[in-house]
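One structure is given here, and the rest of the page talks about it.
Numbering starts at 1 and runs along the sequence shown. Nothing here was measured: the structure is a model prediction, and the numbers come from that model.
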Amino acid sequence: MAKLLTLKESELITMVKTIVEQVNIDLSQYDDNDFTDAFIFLFRTWISNKLGEESKKYPFSFLLKKYVQEFLKESFGDK
């Protein structure tokens, strides 16, 4: 069952702008699943660096609830 992730509009806009600025490509060829996959990849990498092997003990939904705001702040700043 999918979990609903709530982001502030400004956080989502900042995330997309950051991706677009770093990769100068036409994003129209990608759909929401691609962006979700990119977010999960970045979040899992960040969690792994932060917690190490400990991160593998917890379900993704728990890690997301507990660390998503910290991840967004560290990755994209306070905007």
Side-chain angles (χ1 to χ4, degrees):
M1 184 164 145
K3 293 283 184 176
L4 178 64
L5 172 64
T6 305
L7 297 174
K8 295 178 195 170
E9 182 179 5
S10 61
E11 293 171 336
L12 179 59
I13 290 169
T14 300
M15 222 163 65
V16 171
K17 282 183 180 179
T18 301
I19 293 168
V20 170
E21 289 169 0
Q22 291 178 359
V23 181
N24 192 14
I25 58 173
D26 178 20
L27 297 178
S28 65
Q29 61 186 332
Y30 300 99
D31 66 18
D32 292 345
N33 291 325
D34 297 316
F35 293 109
T36 301
D37 183 56
F39 170 81
I40 291 170
F41 174 78
L42 292 172
F43 182 71
R44 283 205 176 273
T45 301
W46 181 84
I47 282 290
S48 181
N49 290 334
K50 182 172 184 64
L51 301 179
E53 288 294 313
E54 185 76 13
S55 67
K56 294 179 182 177
K57 295 180 182 178
Y58 302 105
F60 183 75
S61 61
F62 169 79
L63 295 170
L64 194 59
K65 287 176 188 174
K66 185 167 181 172
Y67 293 105
V68 72
Q69 292 304 320
E70 184 179 348
F71 165 73
L72 293 172
K73 185 176 180 179
E74 283 187 24
S75 299
F76 305 105
D78 287 329
K79 294 181 183 180

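Distance CZ/Phe35 to CG/Asn33: 11.0 Å, rounded to 0.5 Å. One distance of note links CZ of Phe60 with CZ of Arg44; it measures 5.5 Å at 0.5 Å rounding. Taking CD1 of Ile47 as the reference point, atom CG of Leu42 lies at 12.0 Å (rounded to 0.5 Å). Between the CZ atom of Phe62 and the NZ atom of Lys57 there is a distance of 12.0 Å, given to the nearest 0.5 Å. For the atom pair Thr45 OG1 and Lys50 NZ, the distance stands at 14.5 Å (nearest 0.5 Å).
The environment of Phe41 atom CZ is sparse: at most 12 non-hydrogen atoms of other residues, nucleotides or ligands sit within 6.0 angstrom. Under a cut-off of 6.0 angstrom, the local environment of CG in Asn49 is crowded, with over 12 non-hydrogen atoms contributed by other residues, nucleotides or ligands.
Asp31 places a side-chain N or O within 3.5 Å of a backbone atom of Asp34 that can act as its donor or acceptor partner. Ser75 contributes no side-chain N or O that, together with a main-chain N or O of Leu72, makes up a donor-acceptor pair within less than 3.5 Å.
When all heavy atoms of Ser48 and Ser55 are compared, the closest pair comes out as CA-OG, 4.0 Å.
Salt-bridge check for Glu53 with Lys56: passed, with a basic side-chain N closer than 4.0 Å to an acidic carboxylate O.
With ring centers used as reference points, Phe43 lies 6.0 Å or more from Tyr67.
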| request: Would you check, one step at a time, whether the test side-chain contact (heavy atoms from CB on, under 4.5 Å) holds for Phe39 with Leu64? | output: CA-CA 11 Å; Phe39 170 81; Leu64 194 59; 3.9 Å; yes
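Side-chain contact check for Trp46 versus Leu63: every heavy-atom pair is 4.5 Å or farther apart.
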